[in-house]
**Q** 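After the structure tokens below, expect a handful of questions from me.
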Amino acid sequence: MPPANAVRTLEELDDDEARYPLDVVMCLDCALLQLTQSPPPAELFEEYAYFSSRSAPMVDHARSLVDEVMADRKLGPDDLVIEVASNDGYLLRHYQDKGVRVLGIDPAENVVDVAIAAGVPTRAEFFTRTLALELRGEGLVASVVHANNVLAHVPGINDFVSGVAAVLTDDGVFVVETPYARDLVEKLEFDTIYHEHVFYYSLHSVMALLERNGLSVVDVQRIPIHGGSLRIRAMRSDAAAPVDASVASLLLEEEELGMQTVSFYETFARRVDVLLGELRDFLSERREHGRTIAGYGAAAKGAVLLNALGIGPETIGFVVDETPYKQGRFVPGVRIPIVAPEELLTRMPDDVMIFAWNFADAIIQKEAEYVARGGTFLVPIPSPRVVAG
Ligand code: DWN
């Protein structure tokens with residue numbers, strides 16, 4: 001499997017394309033799921049194709065999260081909020097609008113340039129315990145540290161989490177959002193397994209990770225973003241904060257499901273093989289009826305799904321995506337061109353498969369004109385089907 005965000009220019013198309021094994025294993029001690037290997041983080045993240053602000057639902061989601069934290073913590077101008085993996089400032093900008101000091105940390109220099117241009121102070125670095133201690137040495141300690149969709153991405157995850165503990169104030173809170181392994185398995189979200197995501201968490205395994213590194217979970221929520229995620233609040237273990245009942249309740253659900261046993265995951269691979277067969281049949285039947293098919297969202301998930309299916313531009317003619325960096329480039333591994341969303345009405349394909357299925361409702365609503373003109377939207381998981389038109 002090629003790295004899922006390694007979109008390629010026309011000039012790069014015929015260059016050798018790196019591919020890596022994509023195998024998931026489970027720790028029998030703490031139930032942590034992880035890849036057996038993944039490319040060096042510098043190769044994946046120092047120039048990055050994903051700009052969070054190019055997904056309006058992500059910006060809206062971030063705004064409501066900030067509103068919740070502000071209501072809970074009563075932050076003011078003396079407080080500092082740090083976001084690790086702050087991307088283009090899609091979340092921190094909302095704290096700035098409320099007069100709170102912010103600092104972003106993200107290794108993707110091309111994305112950090114956008115954040116800085118938008119006025120969000122950001123350091124283009126990987127977050128580590130060493131950096132955390134440097135920040136503390138500069139008097140930069142955080143009342144809130146956010147880590148959205150990054151806990152899965154960091155091979156050196158113990159160093160990362162111990163760094164969070166080191167940069168929090170005594171009563172600071174660590175707010176984490178990370179995809180939930182239970183949703184991944186129950187909703188067959190196999191296309192969210194790719195090399196950027198080294199780890200796949202249950203509450204059990206993320207609690208073990210945090211407690212190993214000086215943090216304690218104080219509450220947990222299941223949230224729908226990105227196909228189903230956990231939102232976890234944690235504090236330094238020496239703060240001895242009370243633990244909300246939501247933690248014990250979800251741990252019990254996981255035990256009853258058997259999420260700490262291999263059998264919970266063993267049928268997953270077979271169910272995915274069945275789904276891939278259904279997807280191939282679904283798409284080839286529509287092609288056999290002469291229907292033209294395009295994609296919506298050059299999402300990392302889409303690259304995994306297309307490579308797993310082994311289909312290219314003969315089936316999916318093009319993919320539309322709002323991200324300027326991706327437009328004019330090609331989906332990794334399958335040479336499908338990525339173009340601007342305006343091409344949808346210009347070219348009017350009969351069908352559009354939504355690869356960014358986690359945002360399907362927002363996409364269908366935004367592209368109502370395409371449906372009004374007779375277009376049909378499809379989604380691939382947990383089973384291939386028509387969702388609009
Ligand atoms: O963890 C990660 C998640 C948070 O984001 C990263 N490893 C990489 C990335 O994964 P993804 O690319 O599968 O995420 P999305 O958010 O499903 O990607 C959406 C893609 O679709 C983006 O390239 C933007 C695009 N898009 C669009 O063009 N128009 C999205 C929406 C909602 C739209 O209206």
Side-chain angles (χ1 to χ4, degrees), residues 3-7 35 38-39 41 44-45 47-62 65 83-88 90-91 106-108 111 146-155 176-180 183-184 189-201 223-231 294-308 318-332 336 338-344 352-370 377 379-381:
N5 264 316
V7 292
L35 300 186
S38 75
L44 294 176
F45 299 114
E47 180 169 343
Y48 202 38
Y50 185 78
F51 293 73
S52 301
S53 297
R54 292 295 173 177
S55 297
M58 270 291 269
V59 177
D60 296 342
H61 172 81
L65 172 57
E83 183 181 15
V84 186
S86 51
N87 199 271
D88 57 9
Y90 76 105
L91 181 141
D106 195 295
V111 182
H146 280 283
N148 280 3
N149 305 300
V150 61
L151 226 54
H153 298 60
V154 183
V176 175
E177 289 188 359
T178 195
Y180 190 22
D183 290 297
L184 191 163
E189 297 168 350
F190 76 93
D191 52 352
T192 63
I193 297 175
Y194 45 89
H195 298 104
E196 291 180 18
H197 296 164
V198 179
F199 302 112
Y200 303 83
Y201 292 107
I223 55 175
I225 193 88
H226 290 302
S229 295
L230 290 180
R231 177 181 291 166
Y296 205 107
K301 300 188 287 292
V304 172
L305 188 136
L306 289 164
N307 279 277
F318 59 94
V319 177
V320 302
D321 194 293
E322 239 171 86
T323 312
Y325 180 89
K326 294 184 179 178
Q327 294 166 4
R329 285 180 160 92
F330 293 77
V331 177
I336 294 174
I338 303 166
V339 298
E342 292 70 25
E343 291 296 313
L344 200 57
V352 172
M353 175 68 82
I354 302 178
F355 295 126
W357 42 260
N358 42 317
F359 296 134
D361 293 345
I363 290 168
I364 292 166
Q365 188 179 5
K366 180 168 64 172
E367 301 294 356
E369 179 59 23
Y370 165 71
F377 276 115
V379 291
I381 65 154

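Nothing fancy with the numbering, it's 1 onward along the sequence. Both counts, for ligands and for their atoms, begin at 1 and track the order of listing. The figures here come from the full heavy-atom set of this structure, side chains too, leaving out hydrogens, waters and symmetry mates.
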**Q** In this structure, are over 12 heavy atoms from other groups packed under 6.0 Å from Asp60 atom CG?
**A**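 Yes, CG of Asp60 has more than 12 neighbouring heavy atoms, counting only those of other groups under 6.0 Å.
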**Q** Just verifying a value: how many Å separate Met353 CE and Leu305 CG, rounded to the nearest 0.5 Å?
**A**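 The distance works out to 7.0 Å.
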**Q** So, 4.0 Å and heavy atoms of Val150: is ligand 1 close enough to count as a contact?
**A**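 No, that is not the case, since the closest heavy atom of the residue is not under 4.0 Å from the ligand.
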**Q** Can you tell which part of Asn358 has a heavy atom less than 4.0 Å from ligand 1: side chain, backbone, both or neither?
**A**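 Near ligand 1, Asn358 shows its side chain, while the N, CA, C and O stay back.
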**Q** Rounded to the nearest 0.5 Å, how far does OH of Tyr50 lie from CG of Asp88?
**A**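 The distance works out to 9.0 Å.
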**Q** Nearest 0.5 Å, please: how far is CD in Glu322 from CD1 in Ile363?
**A**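 So the gap between those two atoms works out to 8.5 Å.
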**Q** Between Glu322 and ligand 1, which residue portion shows a heavy-atom distance shorter than 4.0 Å: side chain, backbone, both, or neither?
**A**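 Glu322 to ligand 1: contacts from backbone and side chain alike.
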**Q** Can you pull out the closest protein heavy atom to atom 11 (P) of ligand 1? Residue, atom name and distance to 0.1 Å, please.
**A**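 The protein heavy atom lying closest is Ala300 N, 3.5 Å.
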**Q** What is the nearest protein non-hydrogen atom to atom 16 (O) of ligand 1, stated with its residue, atom name and distance?
**A**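 Protein heavy atom at minimum distance: Tyr50 OH, 2.9 Å.
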**Q** Against heavy atoms of Phe359, which atoms of ligand 1 measure under 4.0 Å?
**A**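 Within the 4.0 Å cut-off of Phe359, ligand 1 contributes 16 (O), 32 (C).
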**Q** With atoms numbered from 1 as shown, which atoms in ligand 1 lie under 4.0 angstrom from a non-hydrogen atom of Glu196?
**A**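 The list of qualifying atoms is 6 (C), 7 (N), 8 (C).
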**Q** Determine the sole option in Val111, Leu91, Asn87, Val59 for which the side chain to side chain contact (heavy atoms under 4.5 Å, CB included) test with Ser52 is passed.
**A**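 Of all the options given, the one that passes is Asn87.
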**Q** If you count the atoms of ligand 1 from 1 in the order shown, which ones are under 4.0 Å from a heavy atom of Lys326?
**A**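 In order of numbering, the contacting atoms are 22 (C), 23 (O).
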**Q** Assess Met58 for proximity to ligand 1: is some non-hydrogen atom of it under 4.0 Å away?
**A**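 Distance cut 4.0 Å: Met58 fails for ligand 1.
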**Q** Quick one: pull up CG in Asp106 and CD in Glu83 and give me the separation to the nearest 0.5 Å.
**A**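 Here the rounded value is 8.5 Å.
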**Q** Which of the numbered atoms in ligand 1 are under 4.0 angstrom from any heavy atom belonging to Gly297?
**A**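 Every atom of ligand 1 under 4.0 Å from some heavy atom of Gly297: 21 (O).
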**Q** Near Ser55, which atoms of ligand 1 are under 4.0 Å from a heavy atom of that residue?
**A**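 Near Ser55, meaning under 4.0 Å from one of its heavy atoms, ligand 1 has 19 (C), 24 (C), 30 (C).
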**Q** If you count the atoms of ligand 1 from 1 in the order shown, which ones are under 4.0 Å from a heavy atom of His197?
**A**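 So the atoms of ligand 1 that pass are 1 (O), 2 (C), 7 (N).
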**Q** Can you confirm whether Glu369 is buried at CD, in the sense that more than 12 heavy atoms of other residues, nucleotides or ligands lie under 6.0 Å from that atom?
**A**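 Counting other residues, nucleotides and ligands, CD of Glu369 exceeds 12 neighbours.
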**Q** Identify the two heavy atoms, one from Glu367 and one from Tyr296, that lie closest to each other, and give their separation to 0.1 Å.
**A**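 Result for this residue pair: OE2-OH, 2.6 Å.
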**Q** For atom 6 (C) of ligand 1, grab the closest protein heavy atom and report residue, atom and distance to one decimal in Å.
**A**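 Here the nearest protein heavy atom works out to Tyr48 OH, 3.4 Å.
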**Q** Drop me the distance from Thr178's OG1 to His197's NE2, to the nearest 0.5 angstrom.
**A**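 Answer rounded to 0.5 Å: 8.0 Å.
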**Q** Classify the ring geometry of Phe45 against His153: parallel below 30°, tilted from 30° to 60°, perpendicular beyond 60°.
**A**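 Answer is tilted, since the angle falls between 30° and 60°.
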**Q** Out of curiosity, is Tyr296 lining ligand 1, as in a heavy atom under 4.0 Å away?
**A**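 Yes, that is the case, since the closest heavy atom of the residue is under 4.0 Å from the ligand.
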**Q** With a heavy-atom distance limit of 4.0 Å, tell me whether Thr192 approaches ligand 1 through its side chain, its backbone, both, or neither.
**A**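 Within the 4.0 Å criterion, Thr192 makes no contact with ligand 1.
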**Q** Judging by distance only, is a nitrogen or oxygen of Ala299 under 3.5 angstrom from one on ligand 1?
**A**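 No; every N/O pair is 3.5 Å or more apart.
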**Q** Which value, rounded to the nearest 0.5 Å, describes the distance between Asn148 atom CG and Tyr90 atom OH?
**A**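 Result: 4.0 Å between the selected atoms.
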**Q** Report yes or no: does Pro57 have a heavy atom closer than 4.0 Å to ligand 1?
**A**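 Within the 4.0 Å threshold, so yes.
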**Q** Just distances here: any N/O of Lys366 and N/O of ligand 1 closer than 3.5 Å?
**A**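 Yes, at least one N or O pair falls under 3.5 Å.
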**Q** Check if Phe45 has a non-hydrogen atom at a distance under 4.0 Å from any atom of ligand 1.
**A**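 No, Phe45 has no heavy atoms under 4.0 Å from ligand 1.
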**Q** Ignoring angles and geometry beyond distance, decide whether Tyr194 reaches within less than 3.5 Å of ligand 1 through its nitrogen or oxygen atoms.
**A**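 For ligand 1, there is an N or O atom that lies under 3.5 Å from one belonging to Tyr194.
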**Q** Looking at ligand 1, would Phe355 count as a contact under a 4.0 Å heavy-atom criterion?
**A**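 Heavy atoms of Phe355 never come under 4.0 Å of ligand 1.
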**Q** Measure the distance from atom 3 (C) of ligand 1 to every protein heavy atom, then report the residue, atom name and distance (to 0.1 Å) of the closest one.
**A**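 Looking at atom 3 (C) of ligand 1, the protein heavy atom closest to it is His226 CE1, 4.1 Å.
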**Q** Are any side-chain N or O atoms of Asp321 and backbone N or O atoms of Lys326, one a donor and one an acceptor, separated by less than 3.5 Å?
**A**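 It does not hold such a pair.
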**Q** Polar contacts were defined as any N/O atom of the residue lying under 3.5 Å from an N/O atom of the ligand; does this apply to Asn149 and ligand 1?
**A**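 Min N/O separation from ligand 1 is not below 3.5 Å for Asn149.
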**Q** Using heavy-atom distances, let me know which of Ile364, Asp321, Thr323 sits nearest atom 25 (C) of ligand 1.
**A**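 Answer by nearest heavy atom: Asp321.
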**Q** For atom 17 (O) of ligand 1, which protein heavy atom lies nearest, and how many Å away is it?
**A**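 Looking at atom 17 (O) of ligand 1, the protein heavy atom closest to it is Lys301 NZ, 2.5 Å.
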**Q** What atoms of ligand 1 come closer than 4.0 angstrom to any heavy atom of Asn5?
**A**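 Taking each heavy atom of Asn5 in turn, ligand 1 has 8 (C) under 4.0 Å.
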**Q** Give a yes/no verdict on whether any heavy atom in Ala362 is under 4.0 Å from an atom of ligand 1.
**A**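 So Ala362 does not count as touching ligand 1.
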